[in-house]
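Here is the structure we will look at.
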Amino acid sequence: MLSPWELAKAVISRGTTAIMADPHEIANVLGIDGIRLMLEASRGLAVDMFFLLPSCVPATDLETSGASLSARDLKPLLRQKRVLGLAEMMNYPGVWPGTTLSWKNSPPCITGSVTVTRPASRGGI
């Protein structure tokens with residue numbers, strides 16, 4: 001893993017001018033402080049770095065990662081100029097038909113219709 005500064009240094013010479021990042025892994029370990037750290041560390045770089053907020057930390061209720069984030073924790077970050085939305089929903093049981101496990105905790109940046117892609121399962125799609 002590279003720091004935002006090292007990543008920017010590595011890609012700018014190849015013509016990359018913007019990066020979209022999902023700080024899920026650092027959020028798993030450091031929680032909201034990890035996301036804030038990434039936002040601060042990526043400020044003022046030669047490359048524009050934008051972020052999608054992790055949709056589920058931990059990814060499932062089977063994981064013990066060190067941090068747990070709720071919609072309430074993430075909502076203030078939606079006001080950040082470089083936070084553009086919500087990242088992938090990794091907790092597929094949380095969006096399985098008939099469950100509300102994760103959706104009830106999702107930040108209010110989800111509006112309108114939501115498309116969910118999931119593998120085929122017994123009983124159809």
Side-chain angles (χ1 to χ4, degrees):
M1 185 184 305
L2 297 173
S3 69
W5 184 85
E6 287 292 338
L7 178 60
K9 189 170 95 174
V11 301
I12 193 72
S13 64
R14 290 165 178 78
T16 300
T17 60
I19 296 169
M20 178 67 74
D22 174 356
H24 179 84
E25 298 307 331
I26 197 164
N28 267 340
V29 177
L30 298 176
I32 203 78
D33 290 339
I35 299 170
R36 287 190 177 119
L37 175 73
M38 292 295 290
L39 283 162
E40 184 59 34
S42 62
R43 190 180 320 275
L45 297 177
V47 171
D48 293 323
M49 193 171 288
F50 300 96
F51 294 89
L52 295 174
L53 296 177
S55 61
C56 44
V57 172
T60 72
D61 59 353
L62 302 173
E63 191 176 302
T64 54
S65 61
S68 180
L69 295 177
S70 68
R72 184 178 309 206
D73 297 323
L74 296 173
K75 187 175 179 179
L77 293 177
L78 291 171
R79 289 184 237 127
Q80 296 281 333
K81 181 180 174 184
R82 293 180 299 125
V83 172
L84 303 182
L86 191 65
E88 72 173 308
M89 175 58 76
M90 296 170 64
N91 182 4
Y92 72 88
V95 293
W96 210 258
T99 68
T100 58
L101 179 66
S102 292
W103 288 122
K104 67 182 177 185
N105 292 320
S106 293
C109 60
I110 299 178
T111 59
S113 64
V114 176
T115 302
V116 177
T117 304
R118 67 178 175 96
S121 63
R122 283 184 286 163
I125 294 179

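Values reported hereafter were calculated over all heavy atoms of this structure, with side chains retained and with hydrogens, waters and symmetry mates removed. Positions are given from 1, in the same order as the sequence printed here.
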inquiry  = Holding to side-chain contact (heavy atoms from CB on, under 4.5 Å), I want the full list of residues that pass it with A67, two or more places apart in sequence or in another chain.
reply    = V57

message = Please find the pair of heavy atoms, one from D73 and one from S68, that lie closest to each other, and give the distance.
response = OD2-O, 3.8 Å

ask   = With side chains defined as the heavy atoms from C-beta onward, is the minimum distance between P54 and E25 less than 4.5 Å?
value = no

message = Hydrophobic cluster membership, with links at side-chain heavy-atom distances under 4.5 Å among I/L/V/M/F/W/Y: are M49 and V47 in one?
response = yes

key: Euclidean distance, Q80 CD relative to L53 CG, rounded to 0.5 Å   = 9.5 Å

query = If you measure from NZ on K81 to CG on D48, what distance do you get to the nearest 0.5 Å?
reply = 8.5 Å

query = Do F50 and S42 have side-chain heavy atoms sitting under 4.5 Å apart?
reply = no

Report, one line per pair, each donor and acceptor closer than 3.5 Å where one atom sits in a side chain of residues 4-21; sequence neighbours left out.
from, atom 1, to, atom 2, distance (Å)
R14, NH1, A10, O, 2.7

List the atom pairs, donor and acceptor, that lie under 3.5 Å between side-chain atoms in residues 29-41 and the rest of the protein, sequence neighbours left out.
from, atom 1, to, atom 2, distance (Å)
E40, OE1, R43, NE, 3.3
E40, OE1, R43, NH2, 2.9

